[in-house]
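Below is one structure, written out as structure tokens; comments come after it.
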Protein chains: 2
Amino acid sequence: MLKSSTPPPMPAEPTQARRFSKARAAQSYALLEDYVELIDDLLTATGEARATDIARRLGVSHATVVKTIGRLKREGLATSLPYRGVFLTPAGETLANKSRARHRLVVAVLTAIGVPPEAAEQDAEGLEHHISPATLRAFAAFLKKQP
Amino acid sequence: MLKSSTPPPMPAEPTQARRFSKARAAQSYALLEDYVELIDDLLTATGEARATDIARRLGVSHATVVKTIGRLKREGLATSLPYRGVFLTPAGETLANKSRARHRLVVAVLTAIGVPPEAAEQDAEGLEHHISPATLRAFAAFLKKQP
DNA sequence: CAAAAAGTGTAGCCAAGGCTACATATTGGA
DNA sequence: TCCAATATGTAGCCTTGGCTACACTTTTTG
């Protein structure tokens, strides 16, 4: 054994590992959430969601968008026909609505706490994907009694 | 032009693209922050930080850890000698301290808002990497006047 | 002090999410 | 109507952050 002169450092701590894994997993879904939310926006606003529009909005190449749309389809969140834009499946719409609601709630809480609006919007973009249901409930409760 | 029957949907919106890029960039640094913080913990607690310990703590294979340590070294945050563990450069220590302080602040704010402790810890793990300086200041101010 | 155990390193694989470059569809307009 | 502009698709490349498998050091221990 390599130099275990020091006592058993910390008790194996599966806790940190679990938290870390969850955070990683959340991250892997974050992009999909951003996409369905944006696609839903575009569908509502203009009746269609084209790869190029999405690319422009996200500041990413259209090739990247096409590839990600492929992933959305594999995950059952979207459908598309060649040269005919993207549409959301019911699962995709549900996710879009949930994401948007959560985004708004996060921004509202940050603002209520005193975060400047622009910073609140910016940070929410990254934060929102890591908010658990429990935290979401706490946020809602906080807003209710903090008008 | 493909069916732009509808009027210019939304005004090109570089804003969203910018936010999205920032969130992506923050994410790419998140892992490094987690590593330096953990390495600092291990060094403080036991005097050394070995790849296997880190792997156990993060629930990841040692090979993954070794590779990431390589990245830490490339970024000037850590040093290491073959078979002799990892150490932080001054830059690495600074980052570790900043990360830890931020983590604690995030947990404190979440708790103050009414998020259950375990959820606060879990969510902070993912959130903390997306908190801007402005938001951090707002958090500190909020805690001060909300005892 | 030699063998077993444990840590470390390296190679090669994978998927995700970027990119550029090039090929193919579609459509608006001259 | 046909052609140029724009969208879309596809291929190939890169980096990250995972993994397993195998080789090699270093400690422990019998």
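Proteins come first, then strands; the chains are lettered A, B, ... in the order of their sequence lines, and each starts at number 1. Here the structure is a predicted model, which means the values were calculated and not measured.
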query: Can a side chain N or O of A:S61 be found less than 4.0 Å away from OP1 or OP2 on C:dG18?
result: no
Open item on the list: Looking at A:T52, I'd like to know whether one of its side-chain N or O atoms comes within less than 4.0 Å of OP1 or OP2 on D:dT8.
Closed with: yes
In whole Å, I'd like the distance from the [atom1] atom of [X] to the [atom2] atom of [N].
| X | N | atom1 | atom2 | answer |
| --- | --- | --- | --- | --- |
| B:R50 | D:dT27 | CZ | P | 8 Å |
| A:L31 | C:dG17 | CG | P | 5 Å |
| A:R84 | C:dT26 | CZ | C1' | 7 Å |
| A:R57 | D:dA7 | CZ | P | 15 Å |

Note to self: Could you check, using the six-membered ring where one of them is a Trp, whether A:H130 and B:H130 have ring centers closer than 6.0 angstrom?
What the structure shows: yes
Contact check, residues 68-77 of chain B vs DNA chain D, heavy-atom distance under 4.0 Å, returns B:R71, B:R74
Return all side-chain donor-acceptor pairs below 3.5 angstrom for residues 94-102 of chain B, not counting sequence neighbours, or 'none' if the list is empty.
residue, atom, partner, partner atom, Å
B:T94, OG1, B:P90, O, 3.0
B:N97, ND2, B:E93, O, 3.3
B:S99, OG, B:L95, O, 2.9
B:R100, NH1, B:D41, OD1, 2.6
B:R100, NH2, B:D40, OD2, 2.5
B:R102, NE, B:E128, O, 3.0
B:R102, NH1, B:E128, O, 3.3
B:R102, NH2, B:E33, OE1, 2.8
B:R102, NH2, B:E128, O, 3.4

Nearest heavy-atom approach of B:G47 to B:F87 is O-CE2, 4.4 Å
What residues 22-30 of chain B contributes to the DNA chain C interface at heavy-atom separation below 4.0 Å is B:R24
Side-chain donor-acceptor pair present, A:K73, A:T79, cut-off under 3.5 Å:
no
- Message: Base of C:dT24, side chain of A:Y83 - is there a donor-acceptor contact under 3.5 Å?
- Response: yes
- Query: Is there a donor N/O on one and an acceptor N/O on the other, under 3.5 Å, for the side chain of A:H62 and the base of D:dG9?
  - Reply: yes
Check the pair A:Q16 / B:R57 against side-chain hydrogen bond (donor to acceptor under 3.5 Å, both in side chains), numbers first and verdict last.
CA-CA 6 Å; A:Q16 184 170 10; B:R57 292 285 220 96; 2.5 Å; yes
The single option from A:H129, A:E125, A:E121 that satisfies side-chain hydrogen bond (donor to acceptor under 3.5 Å, both in side chains) with A:H103 is A:E121
The single option from B:T68, B:L38, B:T64 that satisfies side chain to side chain contact (heavy atoms under 4.5 Å, CB included) with B:L58 is B:L38
From [options], pick the nucleotide closest to the side chain of [X]?
| X | options | value |
| --- | --- | --- |
| A:V60 | C:dG18, D:dG18, D:dT10 | C:dG18 |
| A:K67 | C:dG17, C:dT8, D:dG9 | C:dG17 |
| A:T64 | C:dT8, C:dC19, D:dT8 | C:dC19 |
| A:R56 | D:dT20, D:dA7, D:dG9 | D:dA7 |

When rounded to the nearest 0.5 Å, the distance separating CD1 of A:I54 from CG of A:D34 is 11.5 Å
May I ask you to decide whether A:R50 forms a salt bridge with A:E48, counting only side-chain N to carboxylate O separations under 4.0 Å?
yes
